[in-house]
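Structure first, then comments.
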Amino acid sequence: MSTNYLNELNASQKEAVLCTEGPVMIVAGAGSGKTRVLTYRIAHLLSKDVDAFNILALTFTNKAARSMKEKITSLVGDHEARNLWMGTFHSVFARILRYEHDKLNYPDNFTIYDMDDAKNLIRSIVKQMQLDDKVYKPSTMLARISAMKTQLILHEAYRHNSQYMENDKSSGRPYFADIFETYCKRCFKAGAMDFDDILYNTSILLRDFPEVLYKYQNKFKYILVDEYQDTNFVQYVIIKQLAARFENICVVGDDAQSIYAFRGANIQNILNFKSDYPDVRTFKLEQNYRSTKNIVNAANSLITKNKNQIPKEIWTDNDEGEKIKVVRALTDNEEGMKVTRMIFESMMQFQMHPRDFAILYRTNAQSRAMEEALRKKNIAYRIYGGLSFYQRKEIKDLLAYFRLTINCHDEEAMKRVINYPTRGIGNTTIEKIIVAANDHNISLFTVMENLGDFQLEMNSGTRERISNFVTMIKSFSAMLPITNAYDLGNHIATSTGILKDLYNDKSPEGVSRYENIEELLGALKEFSTPAALSEGEQEFKPIDLPDDLDKTIAPAPPITDSPIPGETENGRNGETEKGKTLDVFMSEIALLTDSDKKEEPENRDHVSLMTIHQAKGLEFQHVFIVGMEENLFPNSFSMNSRDDLEEERRLFYVALTRAQKRSTLTFAATRFHRGSLNNSEPSRFLEEIDQKYMEFSHSADRDEWKEQRERWSVNTTDKTYDEPVFRKDTPLAAKYKAQAKQQTANPKPQAANKKLINATIAKYKPTTESQQHLKDLQVGMMVLHERFGNGKVTNLEGVFPNSKATVEFDTEGQKQLLLKFAKLQIVG
DNA sequence: GTGTAATGCTATTGG
DNA sequence: AGCATTACAC
């Protein structure tokens, strides 16, 4: 590779690229060539004979990883770049967990639950506990569980935190901890991880298995993390663990662009990087190459309203450019029309293309008005996000069959398709199966498979239908290793009757559903055709374990033959002679988002519609930021605290800095919301930008809308801009916030909980193993059951471990239990 | 157990 | 407004 690439960098960029050893923090302002620095840094490492095997680069989206990899490949060649590990936290560590699954007692084919799965599971838990789902709202419960896992607090630790417990009690949700625990257990039992589990489990894996930690510390000698300002605590811990040995850690970020606090991102990670790595070298990239002077200055003037920043001065050599235009519309629909008209006029006047424009909004719901207007004007557009392809009902249904085929214990997939297409297994039957499964702490599938072992009231017809269903799933599973993804997927779609079911529906929606299924099958076909080597086909070098291993880094690794990424335990590698298999496909799509989808070049010329969050890292010639209204942007949910409001402001900063040449802000005086028309007032953010960079179009005459604001206004008179009037925190909110702060202030509050967490993992050991002690169970013995309490064994039949015990419980009466499954303890 | 009609709920941002 | 759950008739 030529070394000329260094000439394409400015002084500070070059320094950041060349300083390859030790901890490095790159503070990169918007449009300062951050991606370029990252890619060149990696290319430079490779040119210095660092092996690609030894580099880990964590990006924010899979798409970013892909495009960076392409760029690096073009710099150093495919052979050099192929073995780079590059991807999102979730995709990289999901991959590692699939190799190391046995350590944590998960199956290698574990399912990844998405948010819908997680919420459905919580809903069913709440229902089963006979709690009110208005008090225990699934979305709220999930958010709390997620926040806890992000802080590395699992249910045992949670229960031992008296503050949490008391908060729950006083807020009327005393059973939260139980829901939390049941949720974790049900996920585990189903062989499933949610998004947070991927990170949580990774951190546990690295903490409790020194040989694994050692292996990955040694593998990833060079670690790069993009968008570091958006990492959360568990991600921070993982990075810290992996980097501990070599400390060749390079983080890139911009505190001004931290916009994910709502999902646990902790801006302190970047602000405190120095204290974690005292000998860190810091580089600042302050020259903006993207935007005009006007845009850069406007954005700068906005962000000064935030406190607590890494000091930096973003500047640009680019043209002065045009002022930021502010446009007012009467309604959201007119806003769409005006934006569309401006796009149309620019296309005519300046020979611009649809691809040069982006319409950014705060909430997905705003896309509709924009979409309608663009469609009327016949301008090509694409809406990112919203309901993505993989979230459509028909797709999820078929994928649920795929999931069951790969992991028959997947509870949410089972519930989804056990009676779709209808096969006469109704709700009452399903309820009975769920109850039995929970009583014995086993999966629904296990119950269905061994239906005769459970005393369930079901007629023979129902039993027959269940048995047929089980047989069908088993037949799919049997085909899995020997059939390529497309053939099996097609077989499943056909033989389950899904394809026929949708084909018979001739309504427009039905037709479109059918087409979606066809599209999925098309994707499968493309995937399974044996072609180029996939990313997965890599090998590890053999690992040498020196004797002088520093214990604090990776203590005393016993030499084991732990699995090596690139192979799977069952000896096959996800490929048949006819092509790649369905399980590989599923593991690859599980973590994809709408934005990750690659676009065919011929389809690329469209106006992009997306939320500001999704626009992060992108740039467009002309950016429209729509819905600049109080309560929408800043959003009403984010006006409770200064921190929240500052995040909204950073979000606006991100939006503004996407623009290369022009930026237009629009707002509507009235807007449809909840099906009714509401008045809205212009966003305070419009006044936070230094007005000399702004231009108010006639319709947005500043005095006029100021007057308008005053007419409706609540609390945004000039005085309040710097110190907005906030609603006071409720005592509870204040409490939670104080706790959160305390937790992040102390990076390792979890050490004390280690025992508890270990206990959890021990509990999750396979039942057959932990049930060994029941081998000697005799009639007359006293036993303890998790749910039923104390009881006496009155009868035993069958041969262990398939024996069945009849137990007379003190409180619950007589129950029949299978020793294979029941968690019984012998007492006394 | 199945299908349709009516009702009721809930609404940011997203791996 | 849109969706999910529920109620009711078959």
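The basis for the numbers below is simple: all heavy atoms, side chains too, and nothing from hydrogens, waters or symmetry mates. Keep in mind that what you see is a predicted model, and the values were worked out from it rather than measured. Below, chains carry the letters A, B, ... as their sequence lines are ordered, and counting in each starts from 1.
Across the protein-nucleic acid pair, His673(A) atom NE2 and dT10(B) atom P stand 15 Å apart, rounded to whole Å. Rounded to an integer number of Å, the gap from Arg671(A) CZ to dA1(C) C1' is 15 Å. Rounded to whole angstrom, the span from the NZ atom of Lys393(A) across to the C1' atom of dA4(C) amounts to 9 Å. Put simply, CG on Leu645(A) is 19 Å from P on dT12(B), counting in whole angstrom units. Counting to the nearest Å, the P atom of dA11(B) and the CG atom of Asn631(A) are 17 Å from each other. Distance, Phe652(A) CZ to dT12(B) C1': 18 Å, rounded to whole Å. Protein atom CD of Gln614(A) is 9 Å distant from nucleotide atom C1' of dT13(B), rounded to whole Å. In this structure, CG of Leu592(A) is placed 11 Å from C1' of dG15(B), rounded to the nearest angstrom.
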From CA spacing to verdict: side-chain hydrogen bond (donor to acceptor under 3.5 Å, both in side chains), Asn516(A), Arg513(A): CA-CA 5 Å; Asn516(A) 285 333; Arg513(A) 277 188 226 120; over 6 Å; no
Pair Gln229(A)-Glu227(A), side-chain hydrogen bond (donor to acceptor under 3.5 Å, both in side chains): steps then yes or no: CA-CA 5 Å; Gln229(A) 77 280 356; Glu227(A) 307 284 8; 2.8 Å; yes
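Counting non-hydrogen atoms under 4.0 angstrom, Tyr260(A) reaches the backbone sugars and phosphates but no base. Residue Asp114(A) is classed as having no contact, given no heavy-atom separation below 4.0 Å to the nucleic acid. Contact annotation for Ser638(A): base contact, defined as any heavy-atom pair under 4.0 Å involving a base atom.
Of the residues Phe652(A), Tyr361(A), Tyr384(A), Tyr260(A), the one that meets the ring pair (Phe, Tyr, Trp, His ring centres under 6.0 Å) test with His613(A) is Tyr260(A).
Residue Arg123(A) places its side chain closer to dT5(C) than to any other of dT5(C), dT12(B), dG15(B). Across dT10(B), dG14(B), dG1(B), the shortest atom-to-atom separation from the side chain of Lys134(A) is found for dT10(B). Set against dG15(B), dT13(B), dA11(B), the side chain of His90(A) has dG15(B) as its closest nucleotide. Among the nucleotides dT12(B), dA11(B), dT13(B), the one closest to any side-chain atom of Lys137(A) is dA11(B). Residue Thr422(A) has its side chain nearest to dG3(B) when only dG15(B), dG1(B), dG3(B) are considered.
Nearest approach of Thr363(A) to Thr611(A), heavy atoms of both residues: C-CG2, 4.4 Å.
Looking only at distances, a side-chain donor or acceptor of Lys432(A) sits under 3.5 Å from a matching main-chain atom of Glu457(A). Looking at Asp596(A), its side chain does come within 3.5 Å of a backbone N or O of Asn62(A) through a donor-acceptor pair.
Salt-bridge formation is not detected for the pair Asp254(A)/Lys34(A): no Lys NZ or Arg NE/NH1/NH2 atom is positioned less than 4.0 Å from an Asp or Glu carboxylate oxygen. Salt-bridge formation is detected for the pair Glu647(A)/Arg650(A): a Lys NZ or Arg NE/NH1/NH2 atom is positioned less than 4.0 Å from an Asp or Glu carboxylate oxygen. A salt bridge does not link Glu372(A) to Lys376(A): none of the charged nitrogens lies less than 4.0 Å from a carboxylate oxygen. Under 4.0 Å is where a charged nitrogen must lie from a carboxylate oxygen, and between Glu412(A) and Arg403(A) no such pair does. Between Arg416(A) and Asp117(A) there is no salt bridge, since no side-chain nitrogen of the basic residue lies less than 4.0 Å from a carboxylate oxygen of the acidic one.
In this structure, Ile259(A) and Ile425(A) both approach DNA chain B, and ranking their closest nucleotides by distance from the 5' end singles out Ile425(A). Between Gly426(A) and Phe60(A), the residue anchored nearer the 5' end of DNA chain B, judged by the nucleotide with its closest heavy atom, is Gly426(A).
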Pairwise N/O distances under 3.5 Å, protein to nucleotides 6-9 of chain C:
none

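Residues from residues 359-369 of chain A lying near DNA chain B, meaning a heavy-atom separation below 4.0 Å, are Arg362(A), Thr363(A), Asn364(A) in numerical order.
Between Asn427(A) and dT5(C) there is no side-chain N or O to OP1 or OP2 distance below 4.0 Å. Applying the 4.0 Å criterion to OP1 and OP2 of dG14(B), one finds that Thr611(A) has a side-chain N or O inside that range. Between Thr429(A) and dG1(B) there is a side-chain polar atom (N or O) within less than 4.0 angstrom of OP1 or OP2.
Once the 5.5 Å centre distance and the 30° plane angle are applied, the aromatic ring of Phe637(A) is found stacked with the base of dT12(B).
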